[in-house]
Structures are given as structure tokens and as C-alpha cells.
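In the text below, chain A, chain B and the rest are named by the order of the sequence lines, each starting its count at 1.
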Amino acid sequence: MRESKLWTWHILSAVVIVVLLGAHMGTMHLGGLLERLGVGSGDPVDWARVLHRSRQTGYMATYITLLGAGLFHGLYGLRSLFLELSLPKRAERAVGGVLAVAGIALFIYGSYVAVALVRGSGV
Amino acid sequence: MSNAATGDRAILKTVTFEVLRYNPSGGATPHLETYRVPVTKGMTVLDGLTWIKEHKDPTLSWRSSCRMGVCGSCGMFINGLPRLACNNQILNLHSDRIVVKPLPNYDLIRDLVPDLGDLFRKHRTVEPYLIRKDPGEQDRPTGEFFQSRQELFSYLQFAYCIKCGLCLSACPTVATSEDYAGPQALAAGWRYLSDSRDEGDQERKAALYGSHGVYRCHFAGACSQVCPKGVDPALAIQMAKRQAFLQGLGLGKPRKAGGVIPPSEERRPAGEIPQAPPKTVVPGSG
């Protein structure tokens, strides 16, 4: 059933967000601790380092995955809010459609930026 | 009630009942009216209302029947919580001020009488009865549907629902979304989905797993907190979500309904069945 599939993706995207956001928080805000553990590599927000990371394919894939998971999770939550307004069925479908189109558009745009950075044409 | 509530027992104290009154034909808006009620040991809120009706205002209206927490008729909003008026003793509320209002999240018919039509309409959508692929067996049974003790206990608590509607009145999602199926219907749906004798997964899918089914639950847990029978509708909703999630990932166990056990003499109760007592009233004698 459609709602069950959406819910399943909602849960899976939450897991992806927790893992990737955890990695992001660790990299960006626990630099000192990582240095002490011998796995850190300098200031994570140093411009050269940011650029270096952005141009790695692995990081690009991670960014795109996090973008997709975040967009889906957030927009599904927004759709849930609209569904609780007891809108007419047509309005519910319209809201779902608009959010889906917005999500796809934002995903394409965000992915384009990540890919462009890897190719070096975005900076 | 004068004797039952106060006549033969010592009056321990007098409390103030603030009761919401509303008469749609009178044109008045809902308002609280105050009554002083003498309280004796063991007196319930329902007894207090009956005392008011007998001694102060015969027009006070509410719904009640069994007076023992079984029928689920006397659900009211008592001192800020949905409760059954019959199984809440006034002294146990530890207050000299008892505020009684009709259940929230329902339309109001009169005084303390909510319109429970929505509760039963939603309850019907989950088809709350055994659905089998062999309807002939249900119409003309050749035996009993097999169910182990363990299978019985997997859904038993959900079968204790008395349809009092307290869970819907406590649910924050029902308060904001009138289309939401609500904890009562969803727990009833899960009660049958988890019954090993049932095969109605497809028939209940739309109601349980539709856009206003289990996925709209915020898991506030208020439904389980107020249930007077100890049913945990929030658990039922989470179990239904879990089952759908696991099935979606292909991890759910395939469900197969229990078969039919033919009647056996060996399984009949041993010993003689005692005779029914003689009739106390002979037909036609009165």
C-alpha cells in the first residue's frame, strides 16, 4: 500500500539522516577529539579542505544521499501536517503532488551543485 | 439514590459539582452550573450526578447503564481527564471541586451527552469481526477455528475495549484531524489483524494503512493512559506500523489462518452439566 511504502521510506530516510548527520557533526564539530584519536586532519572548515572534500566522488555521493533523505523525510512530515487539516481529497492529492514536484526539483538542483563541484565547474 | 448514596451512610463531606449544562432547544450556550453534593464513602461521580438529578435538577442529562465500568456509556471529562463516571469515586479524586463536562472531541447533544456517532462510524470502517476465506464455515460451522493460548494472548487485551470513546477524547490528533480513524478503531483493527483465525488483511488495509490510518498517530499515548479497561491502543497502532514496515521490507512473517478442528467428544467438559434452576415465573401466570 502506498502509505505503508511512504512510511517505510520515511523510517529508512531517518536512519540515513542519523548516520550521515552524525558523521557530519563528528567531522565538523568534534575535530579536536578526532585529532586526539589520530583520525583528524586539520581544521574542517578551512576553505582549501572544504574544496578538497567537495571534489571527491565519495563526498558527492554522501551529499546527494543526505540531500535526498533530508528532502524526503522533511517533505513527508510536511505532507503529514497537511493531511491533518482534514482537507478535501482533491486538495490532499494536490498538496502531495506539489510537495513531490518541489522535492524532485530541489533534489535535482542540489545534486547538480554537488556534481558541478566535483567537475570543478561550480567554483 | 437518596438512600443508596446518602441515606444509610454517614456524610463525610460536601463537595461542589460544577456541571456543564447545555440544552440546544433552550437557545442557551454551554455553561457551568454549580451544585453542592453530600458525599458518602464509596460514592462515585455518577452517584453524585444522580443525587443532583433527584434532589436539585431533574433535567440534567447524561448517558449511563451498568454502573460498573462494563458498558462504557458514562464517559465524561471529570476534573480535566476523560474518565468513566461510574468507576471514579469522588473521594479518590481528592478535591472538593468536581468539574464534570462532556467528552471533548465529540459534538455535544445535550448536557453531558456526547454524540458518539463518529466513534462507531470509524469503528465500522475496520470491519471489526472475523473475516475468513471460507465464509461457508462461518455460516455453518463444522468445528472450531483453532487458536493456541499464545495466539489468544497476542490480541486479548485489545479485545477488552468497551467502546466508551475515552481514547478518542484524549487523542490530540483526533482533536485536530476529524478524518483520523482514531485509537479505538485502529486498535480494533489490529485486534482482528493479529487474531490467528482472521484473514481480513486486504479488507482492512484502506482503513488501517490509508492516509488517515496508523501513520497519522503522533504516539502521544494519551489514549492508553485514559483507557479504563487497560487496553493500550497506542501499542496496537505501533504494532500495526511495525508489521507494515517489516512486510514492506519483505521481513514479515506470512500469516496463515488457523484451521478448523472438528468437534470431538474427548474435548467436551467432563462430568454432568448441572440442571438449570426452576423458573421463578411461570409463563401465563401473571
Assess whether atom CE of A:Met25 is packed by more than 12 heavy atoms of other residues, nucleotides or ligands within 6.0 Å.
no
In terms of heavy-atom proximity below 4.5 Å to chain A, should B:Leu249 be classed as side chain, backbone, both, or neither?
side chain
Do chain A and chain B have donor-acceptor pairs under 3.5 Å, and which are they?
{"unit_1": "A:Ser4", "atom_1": "OG", "unit_2": "B:Tyr215", "atom_2": "OH", "d": "2.8"}
{"unit_1": "A:Tyr76", "atom_1": "OH", "unit_2": "B:Arg216", "atom_2": "NH2", "d": "3.4"}
{"unit_1": "A:Ser80", "atom_1": "OG", "unit_2": "B:Arg216", "atom_2": "NH2", "d": "3.1"}
{"unit_1": "A:Glu84", "atom_1": "OE1", "unit_2": "B:His218", "atom_2": "NE2", "d": "3.3"}
{"unit_1": "A:Glu84", "atom_1": "OE2", "unit_2": "B:His218", "atom_2": "NE2", "d": "2.5"}
{"unit_1": "A:Ser86", "atom_1": "OG", "unit_2": "B:Glu178", "atom_2": "N", "d": "3.0"}
{"unit_1": "A:Glu92", "atom_1": "OE2", "unit_2": "B:His212", "atom_2": "NE2", "d": "2.8"}

Residue A:Leu81 versus chain B: region with a heavy atom under 4.5 Å:
neither
